[in-house]
Amino acid sequence: KAGVTQTPRYLIKTRGQQVTLSCSPISGHRSVSWYQQTPGQGLQFLFEYFSETQRNKGNFPGRFSGRQFSNSRSEMNVSTLELGDSALYLCASRELLKTVDSPLHFGNGTRLTVT
Amino acid sequence: GDSVTQMEGPVTLSEEAFLTINCTYTATGYPSLFWYVQYPGEGLQLLLKATKADDKGSNKGFEATYRKETTSFHLEKGSVQVSDSAVYFCAVSGSARQLTFGSGTQLTVLP
């Protein structure tokens, strides 16, 4: 099976712009999560989608949003970019089982730099 | 909410040395526990997991035992290799079934 694919791999944007990141999960995985990774804050949970519905949301401002399509692919959008949004954004997919927590499978991330 | 406290790094060891990275957690319900590893320029990869008390997860020579009484999930390896150099993350999945990660421990193994 192909792994989780994230595009683009690198992005450079200017303050005030908006950006959309894309994620294709492993085939058959219907849950997609997004994380922000920075040297100072570590890995912070953004949100998780399952069957096109947001299941969980982390403590990020409303400028951060996401969606999931019927084929389980997901996009994340950040509007009005700030310098502090520079980070590695990681997407992960998993199967959601009823009784056991299945592990997350991560993509290689999108490195966003805001100047 | 759930939280993970992980041994601060960086950790530098010589090849064939014994490795321990400490991890303790707080979580509601009956959490599952995970160790992930991140190599430079890559995303995180699952290293091992344990889903109930006293379970031992193991993979590639790494081991960790789910200790409910001490709320710990310490990572160990008997003999590290240069190729083990990476950042290691402990994670917990609690009642919200959302993964919460520790701050990560940078491991460098010298030949």
Side-chain angles (χ1 to χ4, degrees), chain A residues 1-7 9-10 21 23-26 29-50 53-60 66 87-111, chain B residues 1-10 21 23 25 27-53 55 57-60 62 64 66 73 86-106:
Chain A
K1 275 186 182 177
V4 176
T5 304
Q6 290 188 247
T7 57
R9 193 72 198 274
Y10 301 93
L21 313 181
C23 172
S24 294
I26 289 173
H29 287 190
R30 292 163 63 195
S31 164
V32 173
S33 298
W34 289 89
Y35 285 81
Q36 181 195 65
Q37 186 177 24
T38 59
Q41 300 297 317
L43 277 158
Q44 293 188 284
F45 172 74
L46 282 154
F47 25 66
E48 179 180 19
Y49 285 86
F50 178 75
T53 302
Q54 190 178 86
R55 284 182 81 240
N56 283 313
K57 188 177 189 305
N59 294 323
F60 278 81
L88 180 67
Y89 289 88
L90 292 166
C91 170
S93 72
R94 62 175 172 168
E95 299 174 277
L96 275 186
L97 306 175
K98 283 186 180 177
T99 57
V100 176
D101 287 312
S102 54
L104 291 172
H105 298 265
F106 283 84
N108 286 335
T110 294
R111 172 75 63 186
Chain B
D2 301 342
S3 68
V4 176
T5 301
Q6 202 176 323
M7 175 174 157
E8 297 239 353
I21 300 178
C23 170
Y25 67 90
T28 54
Y30 300 91
S32 295
L33 303 173
F34 304 86
W35 276 100
Y36 282 82
V37 59
Q38 186 176 33
Y39 299 100
E42 297 183 9
L44 279 71
Q45 300 174 24
L46 176 68
L47 182 58
L48 52 84
K49 68 174 182 176
T51 57
K52 61 182 188 295
D55 266 3
S58 62
N59 185 27
K60 299 180 182 178
F62 290 91
Y66 188 143
F73 193 53
V87 182
Y88 292 81
F89 292 90
C90 183
V92 63
S93 176
S95 58
R97 306 193 76 182
Q98 167 193 314
L99 225 58
T100 299
F101 287 88
S103 56
T105 302
Q106 171 78 55

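Every heavy atom of this structure was used, including side-chain atoms; hydrogens, water molecules and symmetry mates were not. Naming convention: chains lettered A, B, ... in sequence-line order (proteins, then strands); numbering from 1 in each chain.
- No donor-acceptor distance shorter than 3.5 angstrom exists from the side chain of Tyr36(B) to the backbone of Phe106(A), with no hydrogens or angles considered.
- Between the side chain of Asn108(A) and the main chain of Gly43(B), a donor-acceptor pair closer than 3.5 Å is present.
- A search for side chain to side chain donor-acceptor pair (under 3.5 Å) contacts involving Ser3(B) returns Thr26(B), not counting sequence neighbours.
- How far CG of Leu99(B) is from OH of Tyr35(A): 4.5 Å, rounded to the nearest 0.5 Å.
- Shown here is Lys52(B), whose NZ atom has no more than 12 heavy atoms of other residues, nucleotides or ligands within 6.0 Å.
- Within the 4.5 angstrom heavy-atom criterion, no atom of Arg111(A) approaches chain B.
- Atom CD of Gln106(B) has more than 12 heavy atoms from other residues, nucleotides or ligands within 6.0 Å.
- Per-residue heavy-atom pair counts under 4.5 Å with chain B were compared for Val4(A), Asn56(A), Leu90(A), and the maximum is reached by Asn56(A).
- Proximity to chain A (any heavy atom under 4.5 Å) is restricted, for Gln38(B), to the side chain, taken from C-beta onward.
- Here the CD-CG distance, from Glu42(B) to Leu88(A), works out to 11.5 Å after rounding to the nearest 0.5 Å.
- Contacts from residues 36-49 of chain A to chain B, taken as heavy-atom pairs separated by less than 4.5 Å, involve Gln37(A), Leu43(A), Phe45(A), Glu48(A) in sequence order.
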